[in-house]
Amino acid sequence: MVELENIFAEKVGNYVLRRCSIEDLKKVISINLITLPENYSDYFFEDLLKSSPESFIVAEKNDEIVGYIMCRIEYGFSNFKRFNLSRKGHIVSLAVLENHRGNKLGKSLISSAVNALKLKGCNEAYLEVRATNDEAVAIYKQLGFKITSVISGYYRDNEKANLMGIQLMEQK
Ligand SMILES: CC(C)(COP(=O)(O)OP(=O)(O)OC[C@H]1O[C@@H](n2cnc3c(N)ncnc32)[C@H](O)[C@@H]1OP(=O)(O)O)[C@@H](O)C(=O)NCCC(=O)NCCS
């Protein structure tokens with residue numbers, strides 16, 4: 001029987017966005033290694049897929065995976081309301097292969113993941129991004145994210161991170 005939740009698929013030009021499956025992880029891990037200095041163990045990817053499958057999304061063209069986004073749902077202090085506890089969707093990693101960029105895949109992956117996080121009851125979504133990553137910062141801003149703080153020395157090479165967030169639901 002097909003699970004209803006697995007049916008999610010969205011067309012973006014000649015690409016399709018769909019939920020990641022365990023068989024896709026090898027390719028997702030290779031895209032992560034090629035595109036970002038922040039890499040993780042295979043177990044970490046598997047764990048995110050198990051714990052937050054709705055917001056682990058891949059972009060595909062002709063059966064080839066060319067991009068992904070993966071998130072984790074956390075409980076902690078709100079990035080918007082001081083001292084309030086919040087259910088937060090953490091965008092852990094996002095990447096699109098270089099020769100497929102500029103086709104709105106980045107924006108569409110973020111929008112789809114944020115929608116999924118909202119459906120899972122998250123009050124807000126957030127991420128860390130290198131302060132010098134103008135393209136990613138611009139995309140998140142276009143989608144309504146705001147820089148809520150700057151964390152100095154966040155990355156291993158000592159670069160600053162922008163903490164960016166968006167409110168999804170009014171908190172009580
Ligand atoms: C960030 C990334 C995912 C974007 O993917 P993408 O598929 O090219 O994104 P989109 O096509 O949806 O959007 C690209 C937008 O960035 C804009 N852009 C490109 N370079 C830019 C720059 N230097 N400064 C500001 N905006 C820039 C484009 O004009 C486009 O906006 P538009 O649609 O309004 O014209 C991709 O560049 C990537 O994988 N980078 C390496 C990994 C990374 O940095 N991940 C993010 C970490 S948080």
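Because the structure is predicted, anything quoted here is derived from the model rather than measured. Both ligands and their constituent atoms are indexed starting at 1 by order of listing.
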N/O separation below 3.5 Å, [X] to ligand 1:
X	result
K107	yes
N133	yes
V129	no
L94	yes
K104	yes
I139	no
V96	yes

Please confirm whether the backbone N or O of [Y] pairs with a side-chain atom of [X], one donor and one acceptor, at under 3.5 Å?
X	Y	answer
E124	S86	no
D157	E159	yes
N133	R130	no
R18	E60	no

Heavy atom of protein inside 4.0 Å of [atom], strictly below:
atom	answer
atom 29 (O) of ligand 1	no
atom 19 (C) of ligand 1	yes
atom 42 (C) of ligand 1	yes
atom 3 (C) of ligand 1	yes

Subset of ligand 1 atoms that lie under 4.0 Å from at least one heavy atom of [X]:
X	answer
L36	42 (C), 43 (C), 45 (N)
N103	11 (O)
D134	24 (N), 25 (C)
L105	7 (O), 11 (O), 12 (O)

Exercise. Look at atom NZ of K118 and say whether more than 12 heavy atoms of other residues, nucleotides or ligands are closer to it than 6.0 Å.
Key: no
Quiz item: Got more than 12 heavy atoms from elsewhere within 6.0 Å of CD, Q142?
Solution: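 For Q142, atom CD is crowded (more than 12 foreign heavy atoms under 6.0 Å).
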Quiz prompt | Closest non-hydrogen atom pair between A59 and L105, with its separation | solution =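 Smallest heavy-atom distance, with atoms named: CB-CD2, 4.1 Å.
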Quiz item: Do E10 and S112 get their side chains close enough for a donor-acceptor pair, meaning under 3.5 Å?
Solution: yes
Self-check item: Modelled atom types, side-chain donor and acceptor of S93 and E38, under 3.5 Å
Solution: no
Quiz item: With a 4.0 Å cut-off on heavy atoms, is Q142 touching ligand 1?
Solution: yes
